[in-house]
Student: 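Sharing a structure with you now.
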Amino acid sequence: MDAGRRAKLEETTRYDPGEVEGRVYAGWWERGYFTPEAEGTAAENYSIAIPPPNVTGSLHIGHGLNNTIQDTLVRRQRMAGRRVKWIIGTDHAGIATQSVVEKELRGEGVDRHELGREGFVERVWEWREQYGGRIIEQLKRLGVSGDFANERFTLDEGYVAAVYRVFVALYEKGLIYRDNYMVNWDPGSHSAISDLEVENREVEDTLFSIAYPVADSDRVLTVATVRPETMLADTAVAVNPGDERYRDLVGQHCILPLVGRRLPIIADEHVDVGFGTGALKITPGHDPNDFEIGRKHGLEEISVIGEDGRMNDVAGSDYEGLTAAEAQQRVVADLRTAGALSGEEPYVHSVPFSHRSGQRIEPLISLQWFCRMDELAKPAIDVVRDGEITFTPERWGRVYRDWMENIRPWCVSRQLWWGHQLPVWYCDHCETTIVAEREPDRDQCESCGGALRRDEDVLDTWFSSALWPFAALGWPEDTPELRAFYPTDVLSTARDIIYLWVARMIMSGIEFLDEIPFTDVYIHSVIQAPDGRRMSKSLGTGIDPLELIDSHGADALRFGLLAMSSSQDVRFSEAKVQQGRDLANKLWNASRLILLNAGDAEPTPSTDAVEDRWILSRLERTVELVGERLDAFDFAHAALELYRFVYSDLCDWYLEIVKPRLYDGPEHGDHSAAANLLHVLGRTLAMAHPLMPFVTEEIWGYMPGRGSELIVAPYPEADEARFDAAAEAEVAAAIELTRSLRRWRELAGVAPGSALRARTGDEIHPLVLRLARIELDGAGSDAAVAAVGAIEILPSADLDPEAVAARIEELREKLRGEVRRAEGKLANEKFVANAPADVVDGEREKLERYRAELEELG
RNA sequence: GGGCGCGUAGCUCAGUGGGAGAGCGUCCGCCUCACACGCGGAAGGUCGCUGGUUCGAAACCAGCCGCGCCCACCA
């Protein structure tokens with residue numbers, strides 16, 4: 001270490017992440033550690049595909065956790081010597097991005113239609129050029145060691161080719177088709193959306209009862225609805241086939257009020273006899289259930305609400321042009337006038353809303369593209385059932401399977417401009433549909449010469465995301481990257497996109513590469529606001545990870561997030577981040593102590609003293625445990641075990657024990673303590689690096705004998721030869737005795753600075769005497785005032801006799817309690833008879849020990 | 001309606017059959033020559049409730065109470 005470095009180490013008494021992180025990260029970047037050679041096989045290499053964040057996104061706490069997890073996994077494998085590729089990129093995020101740019105345009109007073117499709121899309125690309133890299137830069141501040149040099153985007157040229165290859169293949173297989181079908185129409189984004197993008201919310205509406213007169217009869221059928229305006233599109237009334245009340249009416253007709261249309265009265269099991277009057281109006285054009293009933297019974301499908309959310313001409317001149325809400329008022333008023341409104345009451349029920357725009361879904365029949373999923377799902381269910389893909393925690397595997405077993409067709413077309421435009425062309429003249437990866441050479445129909453028109457729609461964003469693990473590696477080209485890194489190893493994500501994304505990646509991976517895209521799916525915690533609410537910007541409950549990095553450092557945030565994560569949802573706790581900051585600082589200062597006193601020592605394990613063997617044993621056990629926890633995706637315990645080792649074993653005990661040897665050893669030519677400390681520190685830094693990369697790399701830079709930068713130094717494997725149960729037992733006993741003595745001193749009112757006179761017949765480890773400030777005073781003839789373990793405390797001016805007496809009585813009482821407990825247990829014949837022998841023996845030993853200690857106290 | 005998860009110290013959470021734990025917070029004492037982002041010590045819990053299984057239950061089973069999430073076509 002040169003003088004300048006040494007001076008810096010000497011004067012920096014607090015670890016300063018702000019000064020370190022940018023510099024260290026730049027070093028990794030310049031040396032290209034994040035980009036592996038595309039060689040070898042996927043089995044020997046390690047790869048993870050990042051859940052590509054939306055280009056519109058900014059880093060939130062969930063990204064913070066998920067990317068810390070992935071970086072921890074990736075760094076560990078890189079240190080373990082594997083070629084590691086962490087695929088990085090962003091998602092074009094159709095609706096989200098289009099909305100952002102539309103909003104920006106509106107600010108300029110421009111409607112996207114004024115720009116036209118081409119102009120608008122160009123504008124979005126410009127936006128992406130300018131702002132799309134933000135979240136990527138934010139990931140770097142977290143310490144993400146991903147392959148940024150080969151960043152991908154779901155609208156890259158090659159990626160688009162993959163999307164079209166898949167679309168065409170599924171079309172040719174008959175799985176993708178175009179149909180007039182009921183869809184979730186989102187008036188907000190003015191597009192159809194998939195079932196998964198719909199969320200149901202409890203809403204209070206009014207339930208209206210309407211009387212439908214039966215034709216050629218004086219009877220009426222009263223139906224109930226929360227959407228009276230849709231009655232204009234009714235094409236039947238249904239009753240339950242088992243309902244005695246209406247049995248005779250089935251097959252007859254009733255007359256639709258206001259419209260006068262004759263509606264068949266049909267029987268269908270779906271109708272609940274107990275609800276309302278047991279008669280249900282059927283509106284196949286505007287209700288998903290009614291749609292299915294309608295298709296089953298071959299009913300006419302009438303649409304009165306258009307994609308603009310307004311009543312169309314079919315609704316009749318009285319209503320045409322009104323919004324659905326306006327039409328509702330008008331219909332209710334008209335029904336009342338006609339005397340057909342027989343009741344209205346408040347009604348709470350669940351209503352679909354768009355997850356994208358937040359607006360209430362308008363169910364409509366629309367001509368859309370769909371993908372049939374059941375056939376694709378089958379093998380994807382099998383691979384999870386057979387354990388080829390493992391979910392952690394495993395309950396998510398069951399959730400996955402439940403959904404997959406009941407999977408429904410997926411509406412993949414979206415009425416947007418930003419995205420993968422469908423590779424579909426129509427000839428309006430001869431009604432030919434051309435589905436092709438590349439635009440037809442001629443813009444004329446081959447069969448009739450008519451003009452070709454391309455489908456205006458784009459694909460659901462998740463259609464392209466589903467291809468991410470292989471399309472991001474260059475598929476459908478046979479690239480070296482694909483060969484070296486597909487399939488990937490782990491997919492880490494939050495549970496909310498298991499269906500939207502994880503399931504679809506598994507299906508597409510199997511379908512197109514004939515191989516599962518990853519072997520492990522880790523579903524991490526959702527981090528809630530400290531008050532238990534959802535974290536969100538709009539609620540004002542969001543916590544900005546970048547601010548936490550600014551104030552505590554990236555390592556602190558990483559540690560905190562890992563430590564608070566769990567197999568369930570957790571509340572954000574800044575205390576855990578502070579714990580991480582404290583740990584970084586502790587590592588830094590422990591390292592200063594070691595490095596500044598190491599002299600010429602080189603890292604070499606020492607087994608000279610029992611405490612040396614003890615710390616080596618503790619270290620290797622920690623290495624083993626942390627490794628196991630990481631293997632099990634149990635990051636919290638890995639982090640906390642690391643913390644415990646550094647604070648307790650290494651700093652509180654070992655460093656304090658060996659300080660005299662560290663300071664004075666060199667005078668006697670003994671460098672063993674320094675050498676051992678360097679060895680332990682080196683392994684500790686390596687073990688901690690995947691979790692806390694910055695501080696560990698920074699300290700590593702001061703280590704003598706380092707071979708490379710820490711990011712590519714070997715990751716420690718537990719050396720079981722260093723496990724030493726005897727040393728552990730001996731030092732543990734000494735520690736326990738030290739703590740007893742300290743406790744005793746404190747309660748007996750002995751001043752912290754003063755030494756306590758004592759004597760003992762046993763051999764006591766010097767660490768006890770020093771750390772508990774005990775002065776052995778020969779045999780002495782004074783009567784002992786107390787005994788703590790094998791140590792007899794001798795009278796001195798420092799002792800407060802009353803406190804001592806009280807302390808002794810307290811100890812006695814505690815021991816008596818323990819004796820009673822053990823005696824009671826052993827007196828229970830059934831316990832002695834039924835409990836395992838070692839448990840019973842253990843109780844006997846305890847009883848003897850407590851009795852002996854009680855004896856000593858008199 | 002179905003399913004999943006949770007209820008343990010003031011707070012956030014570990015602990016899943018043999019003597020209730022951690023971090024933070026609180027209290028007491030220490031600027032002890034690595035670190036006050038520190039060191040030493042302490043207090044603090046009918047482990048949601050009720051039954052059951054067991055020699056033994058915070059843990060296993062059942063029921064109940066409370067909270068959260070997911071799925072679902074009762075208008």
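Computed from heavy atoms alone, side chains included, the values below leave out hydrogens, waters and symmetry copies.
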Student: Holding to side-chain hydrogen bond (donor to acceptor under 3.5 Å, both in side chains), I want the full list of residues that pass it with A:W410, two or more places apart in sequence or in another chain.
Tutor: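 Once residues adjacent in sequence are excluded, the partners of A:W410 under the side-chain hydrogen bond (donor to acceptor under 3.5 Å, both in side chains) criterion are A:D460.
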Student: Using atom C1' of each nucleotide, how far apart are B:C60 and B:C47 to the nearest Å?
Tutor: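 Between the two C1' atoms, the distance is 15 Å.
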Student: Which residues pass the side-chain hydrogen bond (donor to acceptor under 3.5 Å, both in side chains) test with A:R495, not counting sequence neighbours?
Tutor: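 Here the qualifying residues are A:D569.
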Student: List every contact pair, protein side and nucleotides 6-15 of chain B side both N or O, where the distance is under 3.5 Å.
Tutor:
| residue | atom | partner | partner atom | Å |
| --- | --- | --- | --- | --- |
| B:U12 | OP1 | A:R571 | NH1 | 3.0 |
| B:C13 | OP1 | A:R571 | N | 2.5 |
| B:A14 | OP1 | A:S566 | OG | 2.6 |
| B:A14 | O2' | A:H637 | NE2 | 2.5 |

Student: For atom C1', what is the distance between B:A14 and B:A9, given to the nearest Å?
Tutor: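 That atom pair is separated by 13 Å.
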Student: Got a list of side-chain donor-acceptor pairs under 3.5 Å for residues 574-587 of chain A, not counting sequence neighbours?
Tutor:
| residue | atom | partner | partner atom | Å |
| --- | --- | --- | --- | --- |
| A:E574 | OE2 | A:H552 | NE2 | 3.0 |
| A:N585 | OD1 | A:N589 | ND2 | 3.4 |

Student: Quick one: list whatever passes side-chain hydrogen bond (donor to acceptor under 3.5 Å, both in side chains) with A:R533, sequence neighbours left out.
Tutor: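 A:R533 satisfies side-chain hydrogen bond (donor to acceptor under 3.5 Å, both in side chains) with A:D531 once adjacent residues are dropped.
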Student: Taking atom C1' in both B:A57 and B:G18, what distance in whole Å separates the two?
Tutor: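 The same atom, C1', in both gives a distance of 10 Å.
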Student: Just to be sure I understand the rule, does A:R821 reach a base, reach only the sugar-phosphate, or reach nothing, if contact means heavy atoms closer than 4.0 Å?
Tutor: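 Base, at least one base heavy atom under 4.0 Å.
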Student: Could you run down nucleotides 70-75 of chain B 5' to 3' and tag each one B, S or - for protein heavy-atom contact under 4.0 Å?
Tutor: SS-BBB
Student: Let me have a per-nucleotide readout for nucleotides 34-39 of chain B, 5' to 3', with B, S or -, counting only protein heavy atoms under 4.0 Å.
Tutor: BB-BSS
Student: Parallel, tilted or perpendicular for A:Y181 and A:F291, by the 30°/60° rule?
Tutor: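 Geometry flag for A:F291 against A:Y181: perpendicular rings.
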Student: For A:F635, does the six-membered ring have the charged nitrogen or CZ of A:R629 within the cation-pi criterion, i.e. under 6.0 angstrom from the centroid and within 45° of the normal?
Tutor: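 Output no; distance or angle outside limits.
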Student: Hey, mind stepping through A:D195 and A:N184 against side chain to side chain donor-acceptor pair (under 3.5 Å) and telling me if it holds?
Tutor: CA-CA 7 Å; A:D195 296 341; A:N184 305 296; 2.9 Å; yes
Student: Applying salt bridge (Lys or Arg N to Asp or Glu O under 4.0 Å), name anything that partners A:K659, two or more places apart in sequence or on another chain.
Tutor: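 Result, salt bridge (Lys or Arg N to Asp or Glu O under 4.0 Å) vs A:K659: A:E656.
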Student: Between B:A34 and B:C28, how far apart are the P atoms? Round to whole Å, please.
Tutor: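 Pairwise P distance, B:C28 against B:A34, rounds to 28 Å.
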Student: Using a 3.5 Å cut-off and no angle test, enumerate the donor-acceptor pairs between side-chain atoms of residues 836-847 of chain A and protein atoms at least two apart in sequence or in another chain.
Tutor:
| residue | atom | partner | partner atom | Å |
| --- | --- | --- | --- | --- |
| A:E843 | OE1 | A:R821 | NH2 | 3.4 |
| A:E843 | OE2 | A:K846 | NZ | 3.1 |

Student: Among residues 823-833 of chain A, which contact RNA chain B at a heavy-atom distance under 4.0 Å?
Tutor: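 Within residues 823-833 of chain A, the residues near RNA chain B are A:N828, A:K830, A:F831.
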Student: Applying the Watson-Crick and G-U wobble criteria at under 3.5 Å, what pairs with B:G68? Answer none if nothing qualifies.
Tutor: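 Matched B:G68 with B:C4 under the 3.5 Å cut-off.
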Student: Not counting sequence neighbours, list each pair that qualifies as a side-chain hydrogen bond (donor to acceptor under 3.5 Å, both in side chains) and has a residue in residues 196-206 of chain A.
Tutor: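 Listed once each, the pairs are A:S194-A:E197, A:E197-A:R356, A:E197-A:R414, A:E199-A:R201, A:D205-A:H349, A:D205-A:R360.
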Student: A:Q568: what forms a side chain to side chain contact (heavy atoms under 4.5 Å, CB included) with it, not counting sequence neighbours?
Tutor: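 Side chain to side chain contact (heavy atoms under 4.5 Å, CB included) check on A:Q568 returns A:S566.
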Student: When the P atoms of B:U46 and B:G52 are compared, how many Å lie between them, rounded to an integer?
Tutor: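 B:G52 and B:U46 have their P atoms separated by 23 Å.
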